[in-house]
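One structure is given here, and the rest of the page talks about it.
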Amino acid sequence: MQAQWPKRKIPINCAKTKCVALTFDDGPGEYTANLLDLLKKRNVRSTFFVVGQMVAEDRDGNLRRMVEDGHELGNHSWSHAQLTALSSSGIKAELARTQAIVKDRTGVTMQVMRPPYGSTDGRVAAESRREGLAQILWNVDTLDWRDRYASVVARRAAAATPGSIVLLHDIHRSTVAAVPSLISSFSRRGYTFVTVSELYGKRPAPGRKYTER
């Protein structure tokens, strides 16, 4: 049986509520546990697009905790390869191997993926569809991998509008340091933090590409 992250007692309707989806890529890493503490303290749900190799190296139980705390898990490939540069069989291996390790560690069959670098094409879409994975991109890029200043990351995230998907990375200390400020900023503006699937109100369609609600 597929494990599920805890559902809210009262479902969120993002067609009527100001919603924003915070998404974190490339982990779990050494700062992920601190991030999970911050999110739990503020009762914020998000989506983590995990890399299979990082899951294999994780010894801190971060993946299981993500599920227990109500976050959504997404597939970010096994090795963070540019999928469009691979053969169809290579794309399949990157996705399937990550699906398998996450299912083994948590019981969750992931339903969303994010192609590394946002690089996708018809073959990536086809393999994602075969794996039952919707392609989730973003419409707010904090560039936190390049500009590692918490204040800059928080300011860029604040450019989100209702229905936005915000790109962040939990492998950077500066990004985790930005989270309290950006949560406070969104909260003051009346936003509700949701997972990607909650943003759409239903399971996103496998293979289809999404950038915002």
Side-chain angles (χ1 to χ4, degrees), residues 2 4-5 7-8 11-27 39 44-52 66-67 70-78 80-86 88 91-92 94-96 98-99 102-103 108-145 153 156-170 175 182 186 191-213:
Q2 176 183 331
Q4 295 288 344
W5 35 87
K7 293 184 178 181
R8 299 179 194 261
I12 302 297
N13 182 350
C14 291
K16 299 180 179 180
T17 302
K18 290 172 64 175
C19 294
V20 63
L22 302 182
T23 64
F24 297 93
D25 289 11
D26 294 1
L39 296 176
V44 170
R45 296 194 183 198
S46 61
T47 301
F48 286 85
F49 289 96
V50 299
V51 173
M66 289 172 189
V67 176
H71 303 294
E72 184 173 18
L73 302 181
N75 190 323
H76 200 40
S77 82
W78 179 263
H80 205 272
Q82 182 173 327
L83 300 180
T84 54
L86 303 179
S88 293
I91 298 169
K92 178 178 177 59
E94 286 279 332
L95 297 178
T98 305
Q99 287 290 99
V102 169
K103 180 67 178 292
V108 168
T109 299
M110 295 181 289
Q111 299 179 346
V112 294
M113 64 85 76
R114 173 169 285 162
Y117 315 106
S119 184
T120 185
D121 59 16
R123 293 180 306 112
V124 174
E127 293 302 329
S128 298
R129 186 165 51 252
R130 291 187 186 100
E131 289 291 333
L133 298 165
Q135 299 185 85
I136 308 297
L137 300 185
W138 58 86
N139 71 320
V140 176
D141 189 349
T142 62
L143 298 173
D144 60 336
W145 58 271
V153 173
R156 287 177 178 157
T161 55
S164 283
I165 299 173
V166 182
L167 173 61
L168 299 151
H169 296 80
D170 53 311
T175 297
L182 70 87
F186 280 118
Y191 277 84
T192 296
F193 299 96
V194 296
T195 66
V196 165
S197 291
E198 286 180 317
L199 187 68
Y200 294 102
K202 59 182 180 181
R203 178 182 178 180
R208 180 178 169 185
K209 183 170 69 175
Y210 297 81
T211 57
E212 60 185 312
R213 190 182 188 283

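Just so it is clear, the values below take in all heavy atoms, side chains as well, and ignore hydrogens, waters and symmetry mates.
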For the residue pair F48 and F24, does the interplanar ring angle fall in the parallel (under 30°), tilted (30 to 60°) or perpendicular (over 60°) class? parallel

Nearest 0.5 angstrom please: T142 OG1 to H169 NE2, how far? 7.5 Å

Applying side chain to side chain contact (heavy atoms under 4.5 Å, CB included), run through Q99 and M110 and close with a yes or a no. CA-CA 7 Å; Q99 287 290 99; M110 295 181 289; 3.1 Å; yes

Closest approach of V50 and T98, non-hydrogen atoms and distance? O-CG2, 4.0 Å

Would Q135 and S128 count as a side chain to side chain donor-acceptor pair (under 3.5 Å) if you check the C-alpha gap in whole Å, the side-chain angles of each, and the deciding distance to 0.1 Å? CA-CA 7 Å; Q135 299 185 85; S128 298; 4.5 Å; no

Enter the distance from I165:CD1 to T23:OG1 here, rounded to the nearest 0.5 Å. 7.0 Å

Separation of L137 CG from S119 OG (nearest 0.5 Å): 10.0 Å

Side chain to side chain contact (heavy atoms under 4.5 Å, CB included) for V124 and M113? Distances and angles first, verdict last. CA-CA 11 Å; V124 174; M113 64 85 76; 4.3 Å; yes

Nearest 0.5 angstrom please: L95 CG to E127 CD, how far? 7.5 Å

Give the minimum heavy-atom separation between H76 and R114, together with the two atoms involved. ND1-O, 2.6 Å

Can you measure from CG (L86) to NZ (K92) and round to the nearest 0.5 angstrom? 14.0 Å

If we ignore hydrogens and angles and just use 3.5 Å, is the side chain of E72 paired with the main-chain N or O of V196 as donor and acceptor? yes

So do P204 and Q111 actually touch side chain to side chain, heavy atoms under 4.5 Å? no

Can you see which heavy atom on L167 is nearest to which on D144, and at what distance? O-OD1, 4.4 Å

Mind checking the OG1-CG spacing from T47 to L168? Nearest 0.5 Å is all I need. 11.5 Å

Of the non-hydrogen atoms in E94 and N75, which two are nearest, and what is the gap between them? O-OD1, 4.4 Å

Would you check, one step at a time, whether the test side chain to side chain contact (heavy atoms under 4.5 Å, CB included) holds for T175 with W145? CA-CA 9 Å; T175 297; W145 58 271; over 6 Å; no

pair L22-L182: side-chain heavy atoms closer than 4.5 Å: yes

Going through the checks in order, is the side chain to side chain contact (heavy atoms under 4.5 Å, CB included) test met by L83 and T120? CA-CA 7 Å; L83 300 180; T120 185; over 6 Å; no

How close do V102 and L73 get, heavy atom to heavy atom, and via which atoms? CG1-CD1, 3.8 Å

Shortest non-hydrogen contact from Y191 toward A160: OH-O, 3.5 Å

May I have the list of side-chain donor-acceptor pairs in residues 206-213 shorter than 3.5 Å, sequence neighbours left out?
residue : atom : partner : partner atom : Å
Y210    : OH   : A205    : N            : 2.7
E212    : OE1  : N139    : ND2          : 3.2
R213    : NE   : L199    : O            : 2.9

